[in-house]
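Chain naming here is simple, since letters A, B, ... match the order of the sequence lines and numbering starts at 1 in each.
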There are 2 protein chains.
Amino acid sequence: MAIRRNTWQREAVREALERSEGFISAQALHTELHRTGSPIGLATVYRALADLSTEGEADSLQSPEGEAIYRSCASIDHHHHLICRQCGTTAEIEATEVEAWASRVAAEHGFTEARHVVDIFGLCADCTAAAARA
Amino acid sequence: MAIRRNTWQREAVREALERSEGFISAQALHTELHRTGSPIGLATVYRALADLSTEGEADSLQSPEGEAIYRSCASIDHHHHLICRQCGTTAEIEATEVEAWASRVAAEHGFTEARHVVDIFGLCADCTAAAARA
DNA sequence: GCCCGTGTTGAGAACGGTTATCATTACTGA
DNA sequence: TCAGTAATGATAACCGTTCTCAACACGGGC
């Protein structure tokens with residue numbers, strides 16, 4: 001694992017992830033890749049996503065349904081999300097104050113290696129309007 | 001499903017959940033119940049937890065490892081958690097500033113019915129010390 | 001360009017958590 | 001007490017994810 005080789009598979013996953021808007025599950029990404037002709041294996045998709053995630057090129061979080069979902073993360077810096085639980089669209093949000101708060105609180109309680117989960121699930125403007133009509 | 005019957009199992013799950021501090025997984029709760037002598041089935045624990053969750057008597061969220069974890073929700077007031085990913089102990093934390101931030105950000109983007117997930121996972125002081133020794 | 005060592009791939013098996021199945025049990029209202 | 005029917009629980013099925021391992025292919029050295 002010392003040297004990372006470049007393979008078309010890894011690149012295909014990166015591109016497919018960038019092409020898809022919002023969060024997408026590994027399975028969905030695999031299906032999408034097959035649909036567009038890539039005979040890539042499911043295991044490879046998982047591996048590529050895990051790699052992208054650790055390298056900071058992708059965000060990953062757990063959907064409320066328990067799936068791991070991924071998103072291309074052009075800006076390497078840490079940020080959070082506003083996710084519509086109806087249509088899945090996301091908006092990146094600034095959370096500078098929350099960052100500070102999180103690390104302060106963790107430190108106050110003697111916690112180390114703190115990673116925080118700060119995401120807001122709601123109904124986006126469109127879906128709110130659609131729900132109002134129904 | 002029209003009528004809900006009262007069974008000792010359901011009550012046992014509720015009590016065990018209240019007794020356990022912080023978040024606990026369904027499996028752990030099942031193990032705990034068996035340890036204290038209840039021959040309750042795993043499926044029943046899942047069902048009871050799901051019911052408690054929909055009734056609002058319990059909170060549920062996904063741990064970063066993908067497990068569903070539950071917490072008794074006696075106090076209706078909303079608060080957040082600092083969770084040790086090693087031993088599972090939790091501390092309740094005040095998050096007034098984060099509450100304000102979350103609703104403000106959601107409103108700014110036209111989102112409604114926003115529920116936020118704000119939890120910090122880390123290593124508690126004890127586990128940090130234990131890890132340092134190893 | 002060709003070889004070879006080794007990182008990578010992929011099909012399928014294994015795995016762990018959760019949910020469904022279904023015969024049996026036991027609440028509950030009459 | 002009794003019948004009707006939710007609830008239970010052992011187990012199988014399910015689903016997403018990770019592991020296994022033989023086959024493959026990238027890339028540095030020649």
> Do A:R10 and A:D51 come close enough that some side-chain heavy atom pair is under 4.5 Å?
Replying inline: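 SC-SC contact between A:R10 and A:D51 confirmed.
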
> Hey, does B:H109 have a side-chain heavy atom less than 4.5 Å from the side chain of B:V105?
Replying inline: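 A side-chain contact exists here, since the closest heavy-atom pair is under 4.5 Å.
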
Rounding to an integer number of Å, can you tell me how far [X] [atom1] sits from [N] [atom2]?
| X | N | atom1 | atom2 | value |
| --- | --- | --- | --- | --- |
| B:I40 | D:dA7 | CD1 | P | 14 Å |
| B:L49 | D:dT8 | CG | C1' | 15 Å |
| A:D51 | C:dG7 | CG | P | 14 Å |
| A:R5 | C:dC4 | CZ | C1' | 10 Å |
| B:W8 | D:dA6 | CH2 | C1' | 16 Å |

>> By nearest atom, which of the nucleotides C:dT28, D:dA7, D:dC26 is closest to the A:T7 side chain?
In response: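 Closest nucleotide to the A:T7 side chain: D:dC26.
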
[X]: partners by side chain to side chain contact (heavy atoms under 4.5 Å, CB included), with sequence neighbours left out:
| X | answer |
| --- | --- |
| B:A43 | B:R47 |
| A:A28 | A:I24, A:S25 |
| B:E32 | B:R19, B:R35, B:T36 |

>> So, OP1 or OP2 of D:dA7: does either fall under 4.0 Å of a side-chain N or O from B:R10?
In response: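 The answer is yes; a side-chain N or O of B:R10 sits under 4.0 Å from OP1 or OP2.
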
> So, is A:Q9 near the phosphate of C:dT8, with a side-chain N or O under 4.0 Å from OP1 or OP2?
Replying inline: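 Looking at the OP1 and OP2 atoms of C:dT8, neither is under 4.0 Å from any side-chain N or O of A:Q9.
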
> What is the distance from atom OG of A:S38 to atom CH2 of A:W8, rounded to the nearest 0.5 Å?
Replying inline: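 So the OG of A:S38 and the CH2 of A:W8 are separated by 5.0 Å.
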
> Which residue pairs satisfy the ring-ring contact (aromatic ring centres under 6.0 Å, His included) criterion with at least one member in residues 31-63 of chain B, sequence neighbours excluded?
Replying inline: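 Sorted result for residues 31-63 of chain B: B:H30-B:H34.
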
> What is the bend of the helix from C:dG1-D:dC30 to C:dA30-D:dT1 when you compare the axis at one end with the axis at the other, using five pairs each and rounding to 10°?
Replying inline: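 What I find for the helix from C:dG1-D:dC30 to C:dA30-D:dT1 is an axis angle of 30°.
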
> When you check every protein heavy atom under 4.0 Å of nucleotides 11-20 of chain D, what one-letter string (B, S, -) results, 5' to 3'?
Replying inline: -----SBBBB

> Charged N to carboxylate O below 4.0 Å: is that the case for B:R104 and B:E108?
Replying inline: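 Salt bridge: yes.
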
>> Quick check against the 3.5 Å criterion: does A:S53 have a side-chain atom that pairs as donor or acceptor with the backbone of A:L49?
In response: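 Judged by distance alone, no pair lies under 3.5 Å.
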
> When all nucleic acid strands are considered with a 4.0 Å heavy-atom cut-off, which category describes A:T44: base, sugar-phosphate, or nothing?
Replying inline: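 Answer is base: heavy atoms of A:T44 come under 4.0 Å of a base.
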
